[in-house]
Amino acid sequence: YNKIKNVSANVKFPIIIKETGCGISGKIASKLEMAGVSAIDVAGAGGTSFARVEHFRGSVDAPLFFEWGIPTAESLSQCHKAVNLPLIGSGGIRNGMDSAKALALGASMVGLALPILEPAMKSSEKVVGIFYKLAEELKKTMLLAGVANIKDLKKIKLISNQHFLQCDS
């Protein structure tokens with residue numbers, strides 16, 4: 001806490017804290033806000049698992065921790081209730097519907113890697129195609145949820161943190 005607070009107080013650029021696959025609790029998010037950070041990337045369980053990375057590097061105990069962490073949806077929900085900071089929803093975001101759910105749970109923006117990595121190995125055009133696909137999926141999800149824009153999407157309720165947007169129409 002003190003080191004992050006010191007850095008935040010002594011630099012002239014915003015500090016974004018990013019978890020690496022285990023999520024951030026509301027309690028930790030609150031401490032980070034008090035330390036002066038500008039935004040939080042929750043990077044919840046469901047995305048990159050550094051326990052799996054360590055397993056591939058030879059760690060024998062790593063499999064015990066493959067599913068460790070706070071899922072992205074729960075992390076976003078906790079952090080949104082605890083802080084008044086921009087939140088980045090990442091960790092297991094794979095498509096436009098996942099993006100819509102993250103935004104509805106309080107994310108200011110979303111981050112994703114896996115859907116982009118394979119196309120990036122082929123061409124920039126393939127990556128652009130994935131972004132168009134994600135945008136179309138997001139638009140379709142918003143249509144089904146009965147909202148016209150991201151601002152209204154942020155007001156919608158989820159039936160649960162992981163399933164279906166609740167339509168009010």
Side-chain angles (χ1 to χ4, degrees), residues 1-57 59 61-62 64-117 120 124 127-128 130-131 134-135 138 141-142 147 149-158 160-162 165:
Y1 169 82
N2 287 332
K3 289 182 181 185
I4 293 172
K5 185 175 180 178
N6 185 41
V7 170
S8 294
N10 290 295
V11 298
K12 294 181 182 178
F13 49 84
I15 302 295
I16 300 173
I17 296 295
K18 178 179 176 33
E19 174 47 74
T20 55
C22 293
I24 292 180
S25 70
K27 184 176 180 180
I28 296 299
S30 183
K31 288 181 180 181
L32 291 168
E33 184 175 43
M34 287 188 291
V37 304
S38 302
I40 298 171
D41 183 339
V42 302
T48 301
S49 164
F50 274 85
R52 290 182 190 273
V53 171
E54 289 303 313
H55 174 68
F56 289 115
R57 293 177 57 187
S59 173
D61 298 327
L64 177 63
F65 301 99
F66 278 2
E67 304 305 319
W68 183 266
I70 304 168
T72 300
E74 179 62 26
S75 184
L76 277 170
S77 182
Q78 285 186 29
C79 291
H80 183 62
K81 291 173 187 169
V83 300
N84 191 22
L85 292 173
L87 300 172
I88 302 168
S90 69
I93 306 294
R94 301 287 185 257
N95 53 52
M97 186 183 290
D98 290 341
S99 300
K101 290 175 186 177
L103 292 165
L105 286 166
S108 302
M109 63 187 83
V110 298
L112 55 117
L114 187 62
I116 304 300
L117 292 175
S124 59
V127 172
V128 170
I130 292 297
F131 281 117
L134 289 165
L138 177 59
T141 303
M142 290 170 58
V147 297
N149 54 52
I150 300 294
K151 181 180 175 184
D152 290 342
L153 179 63
K154 291 174 160 292
K155 296 175 186 173
I156 204 163
K157 293 184 172 105
L158 296 178
S160 76
N161 284 351
Q162 299 177 32
L165 296 164

For this session: Grab the two heavy atoms, one from I93 and one from A102, that are nearest each other, plus how far apart they are.
Result: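 In this case the closest contact between I93 and A102 is CD1-CB, 4.1 Å.
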
Exercise. Looking only at atom types and distance, does a side-chain atom of S99 sit under 3.5 Å from a main-chain N or O of N95, one as donor and one as acceptor?
Worked result: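 Checked: pair present.
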
Exercise. Does I4 offer a backbone N or O that forms a donor-acceptor pair with the side chain of S8 under 3.5 Å?
Worked result: yes

Exercise. Should we say atom NZ of K18 is surrounded by more than 12 heavy atoms from elsewhere, each under 6.0 Å from it?
Worked result: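 Check passes, neighbour count above 12.
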
For this session: Just jot down the ring pair (Phe, Tyr, Trp, His ring centres under 6.0 Å) partners of H55, sequence neighbours excluded, or say none.
Result: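 Only F66 meet the ring pair (Phe, Tyr, Trp, His ring centres under 6.0 Å) criterion with H55.
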
For this session: Could you list all the side chain to side chain donor-acceptor pair (under 3.5 Å) pairs where at least one residue sits in residues 83-94, not counting sequence neighbours?
Result: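 Listed by first then second residue: D41-S90.
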
Exercise. Tell me, do M142 and L153 make a side-chain contact under 4.5 Å, heavy atoms counted?
Worked result: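 In short, these two side chains touch, coming nearer than 4.5 Å.
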
side-chain contact (heavy atoms from CB on, under 4.5 Å) against [X], all qualifying residues, sequence neighbours excluded:
{"X": "M109", "answer": "I88"}
{"X": "A82", "answer": "none"}
{"X": "K154", "answer": "L103, I150"}
{"X": "I28", "answer": "I24, S25, L32"}

For this session: Could you tell me whether the side chains of N6 and N2 share a donor-acceptor contact shorter than 3.5 Å?
Result: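 N6 vs N2: no donor-acceptor pair found between side chains.
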
